[in-house]
S.K.: 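Can you read through this structure? Questions will come right after.
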Amino acid sequence: MSFWNSLFRAIFGSRGSSPPPPPPPPAPPVTPPAPPPAPPVTPPPAPPTAPPAPPVAPPAGPPAGFTLASLRAENAARLTDAEIAAAASRLGVEVNVLRALISVESAGPGFSNNRPLLGFEPYVFSQSTGARHDASHPQISSSSSRAYLGGNQDTRWQRLEAAYALAPEAALGAASWGAFQLPGRYFAQAGYADIYAFVRDHAHSEARQLAAFEAYINRAGLGAALQAKDWAAFARAYEGEAGAGQYASALQRAYATFPPAAGDGYLESLVAGSRAPLTRADYEAIAQQLGCEPEAVQAVVEVESGALGAFAADGRLIILYEPHIFSRRTERRYDASHPTISYRTWDASKYPRAQEARWEQLRQAYALSPQDAIASASWGKFQIMGFNHDACGFPDPKSFVADMCRGEVQQLKAFANFVRANKLDDELQRKDWEGFAAGYNGAGQVERYARLMREAYARLKPQV
């Protein structure tokens with residue numbers, strides 16, 4: 001080490017061993033700043049108060065002058081056979097179907113002691129009132145079962161009066177009324193604005209009881225079930241599922257007790273309203289609508305009715321009754337018992353040629369099932385089958401055939417409606433006789449029918 005280095009260490013010391021500088025004085029404690037004051041807490045706004053529910057309007061109550069005591073017959077005359085038959089004809093059902101209903105429901109009369117015949121159902125009253133009277137009034141309000149109605153008419157009216165004091169509309173709706181025991185709760189389906197109008201009509205006369213029942217059947221769509229004598233389907237709709245089986249059996253037994261009803265006057269009414277024949281102008285007008293030649297329409301007439309025309313000498317419609325169609329429509333149930341008017345397979349060789357014999361077939365079938373019988377015959381100048389009523393614009397076979405009796409012009413309109421509904425106007429325009437034959441006369445005998453049409457057209461069309 002040099003002298004100068006030694007001297008330097010002596011004075012200043014070695015660099016590596018120099019003591020550390022004294023620690024800095026401790027820093028004063030840091031006081032954290034005070035947090036800013038919290039904003040004042042504002043309570044959330046109260047939820048808006050819902051407006052009070054509008055008060056439930058109480059039932060309107062009976063109209064002025066309506067009381068149970070006022071429900072007295074204004075006309076207590078019994079329904080006549082003619083009135084029942086007329087209603088059956090309008091509904092398209094056998095008259096014995098309505099008689100069976102009356103027999104089961106009331107055994108005949110619509111009044112007792114000058115008051116409408118009454119049934120009262122505690123079960124229905126309980127349902128209508130939310131069972132709130134079950135505990136306090138078990139005789140008139142019971143939700144446990146379809147209680148046996150029981151009692152005579154006085155007892156039933158007493159129950160109605162007790163229920164009426166608690167809930168008038170529910171009480172009237174829980175009762176069934178008149179010759180058909182139409183339930184009051186069906187008032188709207190019978191076409192009434194309220195239960196009071198319904199009950200007043202039932203208290204007026206048996207004729208109005210019948211009208212209410214007829215309106216109900218139409219509006220409820222039950223005509224088809226009665227036409228087919230589908231007792232089970234009708235019972236489910238009219239009586240409800242609970243009692244449908246017993247009710248259907250009762251109707252079937254009652255119906256079986258009546259003799260066949262052919263004397264409702266309908267067949268006798270099928271005579272010409274007008275015997276005026278169709279004119280050339282009539283044919284031209286329909287041909288213009290169908291877009292074909294008048295001779296094409298005339299050819300159909302020549303093949304279908306020819307010299308027979310639309311009506312026989314006695315004024316009755318010309319007909320052809322077809323047993324195989326009746327058999328099919330009635331589900332073969334008369335094939336064994338009535339083999340001359342109901343058999344399975346088409347057989348023209350069995351058809352009688354005389355109109356009187358054909359009408360006798362129709363009368364026998366009509367006694368078994370009126371609508372099916374009318375549907376199973378062809379009618380008038382164009383020999384349109386009764387089952388084509390819908391295509392011709394009519395609700396049922398009987399009303400369709402009754403309209404054709406008005407005259408040949410009506411039969412011509414029915415033909416035009418049928419052709420348009422079945423889209424056969426093109427075939428007539430093109431003179432496609434095979435296509436027209438298949439659509440108009442069915443699949444059987446197409447070639448023969450087409451040949452006859454072609455020959456008739458050739459005879460009728462003027463040769464140029």
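Side chains are part of it too, since the values below use all heavy atoms of this structure and drop only hydrogens, waters and symmetry mates. Note that the structure is a prediction, hence the values are computed from the model and not measured.
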S.K.: Could you go step by step and tell me if I84 and I102 meet the side-chain contact (heavy atoms from CB on, under 4.5 Å) rule?
M.R.: CA-CA 10 Å; I84 297 172; I102 294 172; 4.0 Å; yes
S.K.: Is it the case that more than 12 heavy atoms not belonging to R332 sit under 6.0 Å from its CZ atom?
M.R.: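 Buried by this count: over 12 neighbours within 6.0 Å.
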S.K.: Report the residues that fulfil side chain to side chain donor-acceptor pair (under 3.5 Å) with R454, sequence neighbours left out, ordered by chain and then residue number.
M.R.: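 R454 satisfies side chain to side chain donor-acceptor pair (under 3.5 Å) with E434 only.
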S.K.: Would you say the side-chain atoms of Q411 pair up with the backbone N or O of M404, donor to acceptor, closer than 3.5 Å?
M.R.: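 Looks like yes, one N/O pair under 3.5 Å.
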S.K.: Would you call R451 and E447 a salt bridge, taking side-chain N to carboxylate O under 4.0 Å as the test?
M.R.: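 Judged by the 4.0 Å cut-off on N to carboxylate O distance, R451 and E447 do not form a salt bridge.
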S.K.: Do the ring centers of Y440 and F418 come within less than 6.0 Å of each other?
M.R.: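 For Y440 and F418, the ring centres are under 6.0 Å apart.
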S.K.: How many angstroms lie between CD in Q298 and NZ in K381, if you round to the nearest 0.5 Å?
M.R.: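 One gets 9.5 Å once the value is rounded to the nearest 0.5 Å.
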S.K.: Inspect the contact between R316 and D314 and indicate whether a charged nitrogen and a carboxylate oxygen are less than 4.0 angstrom apart.
M.R.: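 Judged by the 4.0 Å cut-off on N to carboxylate O distance, D314 and R316 do form a salt bridge.
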S.K.: Show your reasoning for whether side chain to side chain donor-acceptor pair (under 3.5 Å) applies to E322 and Y351.
M.R.: CA-CA 8 Å; E322 306 227 35; Y351 290 0; 2.6 Å; yes
S.K.: Between R358 and I319 (side chain of the first, backbone of the second, donor and acceptor by atom type, cut-off under 3.5 Å), is there such a pair?
M.R.: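 Judged by distance alone, yes, a pair lies under 3.5 Å.
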S.K.: Looking at K413 and D282, does any basic side-chain N land under 4.0 Å from a carboxylate oxygen?
M.R.: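 Salt bridge between K413 and D282, a charged N being under 4.0 Å from a carboxylate O: no.
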S.K.: Taking only Lys NZ, Arg NE, NH1 and NH2, and the carboxylate oxygens of Asp or Glu, determine whether R200 and E74 approach each other closer than 4.0 Å.
M.R.: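 Here R200 does not pair with E74 in a salt bridge, since their nearest N and O are not under 4.0 Å apart.
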S.K.: Are there more than 12 heavy atoms of other residues, nucleotides or ligands under 6.0 Å from atom CZ of R420?
M.R.: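 Yes, because the 6.0 Å sphere around CZ of R420 holds more than 12 heavy atoms from other groups.
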S.K.: Without hydrogens or angle criteria, can the side chains of T330 and D372 be said to hold a donor-acceptor pair below 3.5 Å?
M.R.: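 No, because no side-chain N or O of T330 sits under 3.5 Å from a partner of the opposite role on D372.
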S.K.: Counting only heavy atoms from other residues, nucleotides and ligands, does the tally under 6.0 Å from CD of Q246 exceed 12?
M.R.: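 Check fails, neighbour count at 12 or below.
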S.K.: Do L71 and H202 come close enough that some side-chain heavy atom pair is under 4.5 Å?
M.R.: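 The answer is no, as the side chains (C-beta and beyond) never meet within the 4.5 Å cut-off.
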S.K.: Indicate yes or no for a side-chain donor-acceptor contact from S249 to the backbone of G245 under 3.5 Å, with no hydrogens or angles considered.
M.R.: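 Confirmed, S249 side chain pairs with G245 backbone.
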S.K.: Would you please indicate yes or no on a ring centroid separation below 6.0 angstrom for F394 and F400?
M.R.: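 Aromatic pair counts; centres sit under 6.0 Å.
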S.K.: Check the pair Y238 / Y216 against ring pair (Phe, Tyr, Trp, His ring centres under 6.0 Å), numbers first and verdict last.
M.R.: CA-CA 10 Å; Y238 197 65; Y216 166 78; 5.8 Å; yes
S.K.: Is the ring pair F234/F213 parallel, tilted or perpendicular, if the boundaries are 30 and 60 degrees?
M.R.: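 Ring orientation, 0 to 90° scale: perpendicular.
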S.K.: For the pair H389 and S399, evaluate side-chain contact (heavy atoms from CB on, under 4.5 Å) and give the outcome as yes or no after the intermediate values.
M.R.: CA-CA 8 Å; H389 60 88; S399 61; over 6 Å; no
S.K.: Tell me whether E356 at atom CD has more than 12 heavy atoms from other residues, nucleotides or ligands lying less than 6.0 Å away.
M.R.: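 Enclosed.
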S.K.: Can you tell me how far the CG atom of L172 sits from the CZ atom of F187, to the nearest 0.5 Å?
M.R.: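 The CG atom of L172 sits 10.5 Å away from the CZ atom of F187.
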S.K.: To the nearest 0.5 Å, tell me how far R185 CZ sits from F125 CZ.
M.R.: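 Atom-to-atom, R185:CZ and F125:CZ are 14.0 Å apart.
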S.K.: I'd like to know if the side chain of R329 pairs up with that of Q371 as donor and acceptor (distance under 3.5 Å, no hydrogens or angles considered).
M.R.: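 No, no side-chain donor-acceptor pair sits under 3.5 Å.
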S.K.: To check you understand the geometry: which heavy-atom pair defines the closest contact between Q181 and L118, and what is its length?
M.R.: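 In terms of heavy atoms, the two residues are closest at OE1-C, 3.8 Å.
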S.K.: Would you check if there is a donor-acceptor pair between the side chains of Y255 and E94 at a distance under 3.5 Å?
M.R.: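 Yes, side-chain donor-acceptor contact under 3.5 Å.
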S.K.: Using atom types as modelled and distance alone, determine if a side-chain donor or acceptor of Q383 lies under 3.5 Å from a backbone N or O of G380.
M.R.: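 Here the side-chain-to-backbone pair exists.
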S.K.: Taking D194 for its side chain and A197 for its backbone only, find out whether a donor-acceptor pair lies under 3.5 Å.
M.R.: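 Yes, D194 side chain to A197 backbone: donor-acceptor pair under 3.5 Å.
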S.K.: Do the charged groups of R156 and E121 touch, with an N to O distance under 4.0 Å?
M.R.: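 Result for this pair is no, no salt bridge flagged.
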S.K.: Roughly how far, to the nearest 0.5 Å, is the NZ atom of K229 from the CG atom of L251?
M.R.: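 Answer for the CG-NZ pair, L251 versus K229, is 12.5 Å.
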